[in-house]
Structures are given as C-alpha cells and as structure tokens.
Amino acid sequence: MRYELNLPKRRSLTGSRYSWWSGNARFIELSGKFVGAHVAHAGLIMLWAGSMCLFELSHYVPEKPFYEQGFILLPHLATLGFGVAPSGEIVEVYSYFVIGVLHLISAGVLGLGGIYHSIFANERLEETPYAFIFAFQWQDRFRVTAILGAHLGSLGIAALLLFVKAVYCGGLYDTWASGGGDVRVLKVNCITLNPYVLFAYLVRAPFGGSGWIISINNLEDLIGGHCWVGYGCLLGGYWHIVTSPTQIILRGFTWSGEAYLSYSLSALSLCGFIAAVYSWYNNTAYPSEFYGPTGPEASQAQGFTFLVRDQKLGIKVAGCQGPTALGKYLMRSPTGEIIFGGETMRFWAVQASFIQPLRTSIGLDVTKIQEDIQTWQERRAAEFVTHAPLGSLNSVGGVATEINSVNYVSPRSWLTCSHWFLAFFILVGHWWHAGRARSAALSSERGLSRIYEPVLYMRPID
C-alpha cells in the first residue's frame, strides 16, 4: 500500500499524520470537528462542576463548617454570597442545588452540540453555507488573531459579571465586614478604579511583606481590578478582531496549531501558579470562614486563644514574660508594633478577621485586648487553631498540628497543591509543544507518521 500525503488526504482524519491517541491533533485540518471537540470539552467541564456541586451538597452536614467537610465548590458559591448569613453561617442550600442543576442542564446541551459537530456536522466549517464565517486556517494570521480577540472578549465579559454581581445582584461575602463577616453590596462610587492604587499591586515584590497581587485585602480593590481587567480584555478583543498583526509580531511568533497550543498552555500555567498561591495566602478572595484558616492565621489564632484563656484566669498578659525573657503573650515587632508573642511572632504582620478589630496604627491595642474581645473572635480563633492547613505531626509555625493528622485536609491545601502540580505539568507541556512547534517551523520535525499504524492495513469491519 502506498501512502500519499497529498492535500485532500492530509485534510482528512486518516491523513492527519497523528494517531488516535494524539487527541485533537487529528483534527488539525478539520475545523468542524475541532469545534465539536471544544464544545464537548466544555460540556465535560460543566458536567464536573454540576455533578460535584450536587455531590458536595448531598454530603453537607449543617453542624460543620465547609472546610471541615472537604468541600471546594460550595465555598466558592458561598463566597459569591449565596445562602450566607453574618459570620459566614450557611442558612439555606437551595440556591446551591439550583446552580448545580443548571450546570448539569448546560452540560447536556453542550454534550449534544459536541456530538453533533463531531459526528453529523461538516468536518470543515469552510464547506458549510452558514458557518463558513467561523472557518479558519492555522496560517491565516488575521483569523487566528480574531479568534484570540473573541476569547479575550469572553474573558472580559466574565470579569465584568463579577462586578455586576458585587454591585447590582446581591453582593459578595466580605470577611472583613463588621462582626465577623457578612454579605455586602458594594457601592459603585466606592470601588477602587484609581490606576495608581491598582497597578501598584503589579509592581510589588512577590515575596516578603509585599505579596504582589496576592496582597489584596479588600473587596473594593478586588472588584476594581476586575473592572480594569474586564474593560482591558474587551478593548484588546476588539483590537485583535479588527486588526491584522504587524510585521514585528509576524516575525516574532510561530504561526501553527501546535504553537498556539503552547502559547495557551503557558498562559494557563501562569494562571495555575497564581491561583495556587492565592488560595494558600489570600483570605479576602478565599474567606477563611469557608476555606479554613491560612497557616499564619492558624498560628496567630493559637497565640490569641491562649492569651484569652490565661487572661480570664487573671494573668496580666501585657507584662508576662516567657522563658527567653521575651513577652509571652505580647511583645514588640522589629518596627515597634505590639504583636502576639511566642513562636507565632513570625507571622506578626498577618491580617485575620478576628485580629483586625484589635489593631491600631501602633499594632495591637492592649486596652481592646483587655476589655473589648468579642465572643465571635474567641470562637473563630479556637476553631482555626485546630484546623491549620499544615499536614504535619509536629509543631509547625507555632501550631500544634497533631489533631489535624486525623481525618482533616484543608481545602486550602487541596486547592494549592492541585493547582501547583497541574500548573507545573502544564508548563512542561508548554515546553514540549513550543519546542516541537519551533522544530516544525525549521523543518526539522515532520510530525507523527501514520504510515505504519497497523489499523491502516486491516480489512474494514463490515
């Protein structure tokens, strides 16, 4: 059998030079089936989201917080303000059920669309009377950048939808609201749109006390950032749809399907790394009432809990010394602020909902500690001590974590580790496909030949 790689055969499923296990690479010249694969993939994502939401809901125990039950989807819905009362108390779960069912219905619609485009519809959109306007070739720079513009526009709309939810559709849960957190509708004129304030996050160091964009600690800045991202993506989307790439862009990029895949993987990897660090450190976008305390929060909670306990026993916490002659309960930081003593001193700059009401410009207020600690602060700190996101049998960061070694994995640990590992392997995929794309552009890589695949030499099944 002679295998000729002429254009008609190459623009078919068997002539793609990719084996069945190469997935969507087989559709590299079949724009119609490529759409089917993407729609089916979107259906799978919807199916996972809806089914896992209902799965978590079916195992929900009202007496326990979300983070003690290993949930990762219901906390996201609670953060959006659904079914939440003051202090993060869950008062109704019907909205979670409705959202899960809507995702399942959407998954069914997308699944049918994926099946239709994969099996029944035209293999190439350019051969259809109506859908030809969505057809593309990988080397068509104008069409490819227009597709990029459409994706940017979708991201911009999604970012602005969070702004609409925060301002016009019920608000978001704010862990910093008075009394231990509450759902709060933001006022339009209070949202931070000052570019100096928002872009300052981008130029901060990602380490030490600066924290880059991870250091956002209020909803006004968070929603303002989404406004800038949303309008920026919409503007960039419009630009890419109506313009063609300049010569410097044409020369600087490789224009092939595998190159576009590598670019997408690099962006996805970056987002994964940012999400991993965000879910570990940030307690504004990831409220500790739903995701459990951060490591520094749990450490500070232990010092706070012991201080409250011993103060009620009559100990003068302001002047009590520890075995090293430093303050046992309270001491001064290197910059002179009053902070909690003991091993938790290393996290003296942490911002936690149960600590912030006790702070002033010079650190912790001793008078407030002696006279104004509320019951909700005591309860939350005591709960956080026993739910540190530290999988260790020893004392880590000032938190005795033995109790956490039995039947408890913090959602922060789960989200951080999963996003970090997935982001790393996606980055490896970027390196792999970027190298292959460059090799193919230099004609040193010819793809995966199917000439010797056994199935091509077998008789038809019928």
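Keep in mind that what you see is a predicted model, and the values were worked out from it rather than measured.
Distance OG1/T305 to CD/Q377: 11.0 Å, rounded to 0.5 Å. Taking CD1 from I338 and OG1 from T360, the interatomic distance works out to 7.0 Å, rounded to the nearest 0.5 Å. Distance check: R379 CZ to Q374 CD gives 10.5 Å after rounding to the nearest 0.5 Å. With values rounded to the nearest 0.5 angstrom, N218 atom CG is found 5.5 Å from T192 atom OG1. To the nearest 0.5 Å, the span separating CD1 on I191 from CZ on F163 amounts to 4.5 Å. From Q370, atom CD reaches atom CG of L358 across 11.5 Å, with rounding to the nearest 0.5 Å.
For the pair K165 and F82, the cation-pi criterion (under 6.0 Å, within 45° of the ring axis) is fulfilled.
Side-chain contact annotation: D221 with Y201, donor-acceptor N/O pair under 3.5 Å present. Counted by atom type alone, E68 and H387 present one or more donor-acceptor pairs between their side chains at under 3.5 Å. For the residue pair Y173 and E289, a side-chain donor N or O sits within less than 3.5 Å of a side-chain acceptor on the partner. Residues N283 and Q351 bring no donor and acceptor atom of their side chains to less than 3.5 Å of each other. A donor atom on one side chain and an acceptor atom on the other are found under 3.5 Å apart for W176 and T284. Residues R346 and S299 bring no donor and acceptor atom of their side chains to less than 3.5 Å of each other. For the residue pair T335 / S333, a side-chain donor-acceptor distance below 3.5 Å is found, with atom types taken as modelled.
Ring to ring, F253 and Y263 are close: their centroids are under 6.0 angstrom apart. For F199 and W228, the ring centers sit closer than 6.0 Å to each other. Ring to ring, W348 and F340 are not that close: their centroids are 6.0 angstrom or more apart.
Partners of L268 according to the side chain to side chain contact (heavy atoms under 4.5 Å, CB included) rule, which considers only residues two or more places apart in sequence or in another chain, are I426. Under the side-chain hydrogen bond (donor to acceptor under 3.5 Å, both in side chains) criterion, H433 pairs with E258, not counting sequence neighbours. Checked against side-chain hydrogen bond (donor to acceptor under 3.5 Å, both in side chains), R204 has the following partners two or more places apart in sequence or in another chain: S215. In this structure, the salt bridge (Lys or Arg N to Asp or Glu O under 4.0 Å) partners of E220, at least two apart in sequence or on a different chain, are R184. Shown here are the side chain to side chain contact (heavy atoms under 4.5 Å, CB included) partners of A159, two or more places apart in sequence or in another chain: H226, V229. Applying the side-chain hydrogen bond (donor to acceptor under 3.5 Å, both in side chains) rule to T416 yields the partners S279; only residues at least two apart in sequence or on another chain are considered.
Using a 4.5 Å cut-off on side-chain heavy atoms (C-beta onward), C417 and F421 make contact. Counting heavy atoms from C-beta outward, L234 and L160 have side chains that approach closer than 4.5 Å. Residues P245 and R141 are in side-chain contact: their nearest non-hydrogen atoms beyond the backbone lie under 4.5 Å apart. Annotation: side chain of K368 is not in contact with side chain of I373 (no heavy-atom distance under 4.5 Å). Between Y278 and I213 the shortest side-chain heavy-atom distance falls below 4.5 Å. Contact of the S51 side chain with the L104 side chain is registered, since non-hydrogen atoms from C-beta on lie closer than 4.5 Å. Annotation: side chain of I249 is in contact with side chain of W255 (closest heavy-atom distance under 4.5 Å). Within the 4.5 Å cutoff, no side-chain heavy atoms of Q302 are placed close to those of T344.
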Original post:
Given the rule in the ring-ring contact (aromatic ring centres under 6.0 Å, His included) test, do Y286 and Y291 qualify, once you have shown the distances and angles that lead to the verdict?
Top reply: CA-CA 6 Å; Y286 294 84; Y291 296 91; 5.0 Å; yes
Subject >> Derivation of the side chain to side chain contact (heavy atoms under 4.5 Å, CB included) call for Y238 and I241 >> reply: CA-CA 5 Å; Y238 175 78; I241 289 174; 5.8 Å; no
Original post:
Does the pair V317 and F306 meet the rule for a side chain to side chain contact (heavy atoms under 4.5 Å, CB included), with working shown?
Top reply: CA-CA 10 Å; V317 297; F306 291 161; over 6 Å; no
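Between the side chain of E297 and the backbone N or O of T294 there is at least one donor-acceptor pair closer than 3.5 Å. Proximity of a side-chain donor or acceptor of S31 to a complementary backbone N or O of L125 within less than 3.5 Å is detected. In terms of modelled atom types and a separation under 3.5 Å, the side chain of D182 and the main chain of S87 share no donor-acceptor contact. No side-chain donor-acceptor contact under 3.5 Å links S210 to the backbone of W212.
A side chain to side chain contact (heavy atoms under 4.5 Å, CB included) with Q69 holds for exactly one of E56, H59, K64; it is K64.
Counting heavy-atom neighbours within 6.0 Å of I362 CD1, excluding the residue itself, gives a total of 12 or less. Other residues, nucleotides and ligands contribute at most 12 non-hydrogen atoms within 6.0 Å of the CZ atom of F134.
Taking the six-membered ring for Trp and thresholds of 30 and 60 degrees, F290 and F66 have ring planes inclined between 30 and 60 degrees apart. Using cut-offs of 30° and 60° for the angle between ring planes, the F34 and F136 rings count as perpendicular.
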